[in-house]
Every structure is written in C-alpha cells, then in structure tokens.
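Values below: every heavy atom of this structure, side chains too, minus hydrogens, waters and symmetry copies.
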Amino acid sequence: MQRIEAHASFGGVQEVWQHDSAALGCRMRFGVYLPPQARERACPVLYWLSGLTCTEQNFITKANAQSHAAAHGIIVVAPDTSPRGEAVANAEGYDLGQGAGFYVDATQAPWAAHYRMHDYVVNELPALVEARFPATVARAISGHSMGGHGALVLALRNPGRYRSVSAFSPIVAPAQVPWGEKVFTAYLGADRAAWREWDAVALIAGASERLPLLVDQGEADEFLATQLKPELLEQACFAYGHPLQLRRHAAYDHSYYFIASFIGDHIAHHARALG
C-alpha cells in the first residue's frame, strides 16, 4: 500500500492509494475520503463504483461527495473500474477491456486472468480498507451507470454484506442491452443462463434479502431507452415485492452534473442505514 495523493477537504482528507491486487493480478488505485470524524473514531464505509471509461479520479473530483461524507461521518472508497497495465487484456473502444470491468468475475480467456472486479470489490478491497483505515465493518454501496449495475448486482449477490445500496442511471438489465451483451459474451461466454447471475433484474426474483433500492434516473439521459431501461427494474421489483424508490428527474442527463446534484440525498440514505 502506497499513498500517492492527499488533499485536505471539508475538514477531512481525500487520499489516493495504490497497491498490488492479488484478486486482479495487477497494480490498482483507489480513492478514500476520510471525514474529520475518522480522527476520533472508526467510521462506516460507502463504496462507490464508477462507470465506463472512468478511473478513481472521476468521482472524487466531480461529485462533491466529500462535503456530504464529512457531514455524516462516512468514509468513501472509490476504486478504479477495471484492472490496468500492459499485461492486462484490452480491446479497442471504450466498452470492453480496461475501463470496462463491469464488476463481474470473468470466466473466458483472455479476460479471466485479471478481470475479477466482483471479487476485488466485495472481498479484497474491504479487507485492505478495514485493516489500514479507521473503518468499521458497516458497509454501503453505490455507483453510476456501469457502476450502478455493479452496486445493484454486488448487493443482490452478497446478502448481509452491505447495509444499503443505491445507484445513479444504472444498467439494470445488462443481459438485455447492447453494452451488456457485448461484455458478457466476452467475459462470461455465450451461455445466456450464466449471464443471469450478473443481471440485477434477473437477480430480483431470487433475492434472499430485500434491501431497499434507491435509484435516480435523468430523463434527458442519452442512454435511457437503449442501455439503461429502468422500467425493467421497476417491473421486476413490483412483481416480486422488492422495495424500490425510482426517482425520475426531468432535464438531467448522464453526466456528473446529475450525480453532484443528488449525491447528498444518496449519502443521507446510506447514513440512515449505516447508523
């Protein structure tokens, strides 16, 4: 573990760390915001998962999450979106390969050697955070777009691991949209039955934990009709009695302007669950 950035922010400190990941087989970076309360006591942790093309930098520099995290005494951890490095498989374009880990554990060559973002976020990263920082074992998870998909799927696949979950503009049914079909074919193979284990809409039916879902969606989002399809999540939650608060916002798009506008609501949502 090596700290490579540290910036005073709202009475706390925004840091960036790098480390060698056993789960991913490469060097990884993550941002961690330590609120002022962390100088006096251990604090709960919110894990933020970013979207396609992002690194740990996008959220920590654009979302203004630090002010809200400081108000509630929450540590915020923002990992990179995929494994990185010359030895890590990649592809042309922005929606497959580095920058597009999709928070799954790949089973197909050449991706399986490094693309295990589910294992990294659920297991390795919390172990590092809870060993190195004044963090409790109370965890929450959130994310945007591909990261919103990741937050929903990781919470649904790991009952008891998180106390709350939320998402901005998530890809709720990747098995039914072009982004998901492309990466699932590459990372998981052609068997669509295997895809259901990484699809939030499909997972709702068998969820053993009814963790309430908070989802915000901009109605001016350019990906709304083709890639996001929040109505599919709404229909699944209604059918199976899963609690969902889906908030639609006129005029808002897919950008971090949208996230910054409502991140305070999300952090407050998590703060209530984290105590």
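- Checked against salt bridge (Lys or Arg N to Asp or Glu O under 4.0 Å), R247 has the following partners two or more places apart in sequence or in another chain: D216, D265.
- Ring geometry for Y120 versus H19: interplanar angle under 30°, hence parallel rather than tilted (30 to 60°).
- The backbone N or O of H254 lies less than 3.5 Å from no partner atom in the side chain of S169, so there is not a single donor-acceptor pair.
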Test side chain to side chain contact (heavy atoms under 4.5 Å, CB included) applied to V172 and V215, step by step:
CA-CA 10 Å; V172 302; V215 175; 5.7 Å; no

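- Y47 OH to I141 CD1: the interatomic distance, rounded to the nearest 0.5 Å, is 9.0 Å.
- Nearest heavy atoms, A69 versus V76: CB-CG2, 3.7 Å.
- Here the closest heavy-atom approach between residue H114 and residue P83 is recorded as O-CG, 3.7 Å.
- Two residues are said to be in side-chain contact when any heavy atoms from C-beta on lie closer than 4.5 Å; I75 and P35 meet this criterion.
- The aromatic rings of F262 and F258 stand perpendicular to each other, their planes meeting at an angle above 60°, with 30° marking the opposite boundary.
- Among pairs with a residue in residues 50-75, those fulfilling ring pair (Phe, Tyr, Trp, His ring centres under 6.0 Å) read W48-F59, at least two apart in sequence or across chains.
- Counting only heavy atoms from C-beta outward, the side chains of P126 and R161 approach each other to under 4.5 Å.
- Between S142 and A167, the shortest heavy-atom contact is OG-N, 4.1 Å.
- Using a 4.5 Å heavy-atom threshold, the side chains of V104 and V183 count as separate.
- A donor-acceptor pair is defined here as one N or O able to donate and one able to accept, closer than 3.5 Å; no such pair exists between the side chain of E15 and the backbone of R3.
- Residues passing the side-chain contact (heavy atoms from CB on, under 4.5 Å) test with E197, sequence neighbours excluded: R157, L203.
- Under the 6.0 Å cut-off for aromatic ring centres, F102 and H149 qualify, their centroids lying closer than that.
- Between the CZ atom in F223 and the CG atom in D253 there is a gap of 10.0 Å [rounded to 0.5 Å].
- Smallest separation of non-hydrogen atoms from P230 and L224: CD-CD1, 3.5 Å.
- Using a 4.5 Å cut-off on side-chain heavy atoms (C-beta onward), L52 and T81 make no contact.
- S164 places no side-chain N or O within 3.5 Å of a backbone atom of A140 that could act as its donor or acceptor partner.
- In this structure D20 satisfies the side-chain contact (heavy atoms from CB on, under 4.5 Å) test together with R27, sequence neighbours excluded.
- Counting only heavy atoms from C-beta outward, the side chains of L154 and L49 approach each other to under 4.5 Å.
- Side-chain atoms of H269 and S166 form no donor-acceptor pair, as typed in the model, at a separation below 3.5 Å.
- Linking Ile, Leu, Val, Met, Phe, Trp and Tyr whenever their side-chain heavy atoms come within less than 4.5 Å puts V129 and V165 in one cluster.
- Here the CG atom belonging to L152 is positioned 10.0 Å from the CG atom belonging to L211, to the nearest 0.5 angstrom.
- Using modelled atom types, no side-chain atom of D119 and backbone atom of A23 make a donor-acceptor pair closer than 3.5 Å.
- Side-chain atoms of L228 and I171, non-hydrogen and from C-beta on, do get closer than 4.5 Å to each other.
- With rounding to the nearest 0.5 angstrom, the NE2 atom of H266 is 9.0 Å from the CD1 atom of I259.
- Put simply, L188 and V122 are part of the same group of oily side chains (I, L, V, M, F, W, Y) that touch within less than 4.5 Å, one to the next.
- Heavy atoms from other residues, nucleotides or ligands lying under 6.0 Å from OH of Y94 number more than 12.
- Listed by chain and number, the residues in a side-chain contact (heavy atoms from CB on, under 4.5 Å) with P36 are Y33, R39, A70 (sequence neighbours excluded).
- Applying the ring pair (Phe, Tyr, Trp, His ring centres under 6.0 Å) rule to pairs touching residues 185-217 yields W111-Y187, Y115-Y187, H118-W198, F184-W195, sequence neighbours excluded.
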Kindly indicate, with the supporting measurements, whether the criterion side chain to side chain contact (heavy atoms under 4.5 Å, CB included) is fulfilled by N64 and F10.
CA-CA 10 Å; N64 191 34; F10 294 97; 3.9 Å; yes

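- Taking all atoms of both residues into account, the shortest heavy-atom contact from V45 to L274 is O-CD1, 4.4 Å.
- When the options V32, I4, T55 are evaluated for a side-chain contact (heavy atoms from CB on, under 4.5 Å) with V16, the one that passes is I4.
- Here Q176 contributes atom CD and K229 contributes atom NZ; the two are 8.0 Å apart, rounded to the nearest 0.5 Å.
- Tracing side-chain contacts under 4.5 Å through hydrophobic residues (I, L, V, M, F, W, Y), one never reaches Y257 starting from I263; they form parts of separate clusters.
- Residues V121 and L213 fall within the same hydrophobic cluster, defined by Ile, Leu, Val, Met, Phe, Trp and Tyr side chains chained together at heavy-atom separations under 4.5 Å.
- E234 places no side-chain N or O within 3.5 Å of a backbone atom of L246 that could act as its donor or acceptor partner.
- Between the CE atom in M146 and the CG atom in D95 there is a gap of 10.5 Å [rounded to 0.5 Å].
- If you chain together hydrophobic residues whose side chains sit under 4.5 Å apart, I74 and V77 never meet in one group.
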Starting from the C-alpha separation in whole Å, work towards a yes-or-no answer on side chain to side chain contact (heavy atoms under 4.5 Å, CB included) for E130 and R139.
CA-CA 10 Å; E130 290 160 19; R139 310 176 195 94; 2.8 Å; yes

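- Side-chain contact between H242 and L156 is present, with heavy atoms from C-beta onward closer than 4.5 Å.
- Within the 3.5 Å criterion, the main-chain N or O of G85 finds a donor-acceptor partner in the side chain of Q98.
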Test ring-ring contact (aromatic ring centres under 6.0 Å, His included) on H144 and Y256 and set out the steps.
CA-CA 9 Å; H144 171 236; Y256 265 84; 5.8 Å; yes

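- No option in K62, R29, E5 other than E5 meets the side chain to side chain donor-acceptor pair (under 3.5 Å) test with Q57.
- Residues S21 and M28 approach most closely at CB-CG, 3.9 Å, considering heavy atoms.
- Not a single donor-acceptor pair under 3.5 Å links the side chain of Q227 to the backbone N or O of V177.
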